[in-house]
Amino acid sequence: MNLNYELTGPDGAPVVVLSNSLGTDLTLWDEQVPALAQEFQVLRYDQRGHGGTAGKPGPYALKQLGGDVLALLDTLGIRRAHFAGVSLGGMTGMWLAEHAPERIDRLALICTSADLGPASMWRDRAALVREKGTQAMVEPSLPRWFTPALAERADVVEKFGGMLAAADDEGYAGCCEAIAGMDLLPKLGEITAPTLVIAGAEDAATPPAHAEQIAAAVAGARLEVLSPAAHLANAEQPEAVNRLLLDHFTRSL
Ligand SMILES: O=C(O)CCC(=O)CC(=O)O
């Protein structure tokens, strides 16, 4: 699987991988890259079927989404990296921290969940998108992604609505099926990567209780709840998220 990616920042600096949520692409991280690239090489990529990464016929599993990241790291000769992900990106990060702990240094999980049931809802969403396309998800998704004032702002609708409508139908559906089949809870307690968990207080897609569940299971995890922030908290509260990420990735333990 060839992932579309961008690598920004000083040669030889530690690497931070940034992984996008369902229906977005690597530009989800536009507000993070300038801050992080002062100190890190920032490797942001598009999940399968999103942005510039082609979709393959689904269903997918987190094992494949995590495997895509390992293959990219291998291609670029990166042995170990910090990892931050929003929602589906965070699920990919938890899978990596559970199954390839030697490759993940510190982990930041933003507006995500280790158990986002019911599976039937994700399979229904996959079927809907295969029938009607990702365009059909724009109207219901934006009010979950942002608090009301932002969800209606023209530039936000243009950028994020455009990203979602441009996502490959099969890629989006396959990622829904990865969420339907995820099995992260049993090994959550085995994660050894120092972990920061960030929630949006107004996130209806992955409410703060999901972040609390992760933080309670991962030894030593730090939990931060931002407000106002809905599902795409890194876009809604970029300065707060940048501060937390920089602190987490540079802090001496
Ligand atoms: O955002 C994700 O990666 C998964 C959760 C989700 O689909 C949120 C939404 O679009 O409502």
Side-chain angles (χ1 to χ4, degrees), residues 17-29 44-51 53 55 58-62 64-66 68-69 83-96 108-130 132-148 150-151 156-157 159-169 171-182 184 197-200 202-211 213-214 229-236 241:
V17 179
L18 302 178
S19 180
N20 61 286
S21 62
L22 184 66
T24 65
D25 62 33
L26 55 71
T27 65
L28 170 64
W29 301 101
R44 55 177 174 166
Y45 74 95
D46 290 323
Q47 297 266 20
R48 313 177 157 209
H50 290 70
T53 299
Y60 311 149
L62 283 184
Q64 290 164 307
L65 302 186
D68 291 344
V69 176
F83 191 100
V86 175
S87 200
L88 178 67
M91 296 166 199
T92 308
M94 285 184 269
W95 186 91
L96 286 163
L109 304 171
I110 303 171
C111 297
T112 192
S113 173
D115 182 24
L116 197 55
S120 58
M121 181 190 88
W122 293 103
R123 297 204 171 96
D124 289 349
R125 197 192 285 193
L128 175 81
V129 167
R130 285 196 175 99
K132 298 200 166 146
T134 52
Q135 176 66 49
M137 291 310 304
V138 173
E139 203 182 312
S141 298
L142 288 184
R144 291 194 294 263
W145 289 3
F146 297 101
T147 55
L150 263 193
V156 170
V157 173
K159 175 172 176 175
F160 288 91
M163 235 183 259
L164 177 47
D168 178 69
D169 300 341
Y172 184 103
C175 287
C176 287
E177 289 160 336
I179 297 174
M182 79 172 154
L184 293 169
V197 187
I198 300 175
E202 289 79 27
D203 181 1
T206 51
H210 292 246
Q213 181 185 41
I214 296 168
H231 190 52
L232 301 186
N234 69 308
E236 185 146 14
V241 168

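For ligands, and for the atoms within them, numbers begin at 1 and follow the listed sequence.
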- Main-chain N/O of Leu26 paired to Arg44 side chain as donor or acceptor, under 3.5 Å: yes
- Backbone or side-chain N or O of Trp122 under 3.5 Å from ligand 1 N or O: no
- Message: I'd like to check His50 versus Leu28 (side-chain heavy atoms, cut-off strictly below 4.5 Å). Are they in contact?
- Response: no
- Task: Determine, step by step, whether Thr24 and Val86 satisfy the side-chain contact (heavy atoms from CB on, under 4.5 Å) criterion, reporting the C-alpha distance in whole Å, the side-chain angles of both residues, the deciding distance to 0.1 Å, and the verdict.
- Result: CA-CA 10 Å; Thr24 65; Val86 175; over 6 Å; no
- Query: For atom 2 (C) of ligand 1, which protein heavy atom lies nearest, and how many Å away is it?
  - Reply: Ser87 OG, 2.7 Å
- Of all heavy-atom pairs linking Ser19 and Trp29, the shortest is O-CZ2, 3.2 Å
- What protein heavy atom sits nearest atom 11 (O) of ligand 1, and how far off is it? Arg144 NE, 2.3 Å
- Task: Report yes or no: does a heavy atom of Met137 sit under 4.0 Å from some atom of ligand 1?
- Result: no
- Can you pull out the closest protein heavy atom to atom 3 (O) of ligand 1? Residue, atom name and distance to 0.1 Å, please. Leu22 N, 2.7 Å
- Message: To check your reading of the model: name the closest protein heavy atom to atom 10 (O) of ligand 1, its residue, and the distance in Å.
- Response: Trp145 NE1, 3.0 Å
- Note on the structure: Numbered in order shown, the ligand 1 atoms found under 4.0 Å of a heavy atom of Leu88 are 2 (C), 3 (O)
- If every non-hydrogen atom of Leu22 is compared with every non-hydrogen atom of Arg125, which pair is closest and at what distance? CD2-NH1, 3.7 Å
- Item | Heavy-atom check, side chain of Asp68 versus side chain of Thr92, under 4.5 Å | no
- Out of Ser21, Ser87, Ser141, which one pairs with His231 under the side-chain hydrogen bond (donor to acceptor under 3.5 Å, both in side chains) rule? Ser87
- Query: How far is atom 7 (O) of ligand 1 from its nearest protein heavy atom, and which residue and atom is that?
  - Reply: Arg125 NH1, 3.0 Å
- Item | His231: numbered ligand 1 atoms lying under 4.0 Å from its heavy atoms | 1 (O), 2 (C), 5 (C), 8 (C)
- Message: Check this for me - ligand 1, Ser21, N or O atoms closer than 3.5 angstrom, yes or no?
- Response: no
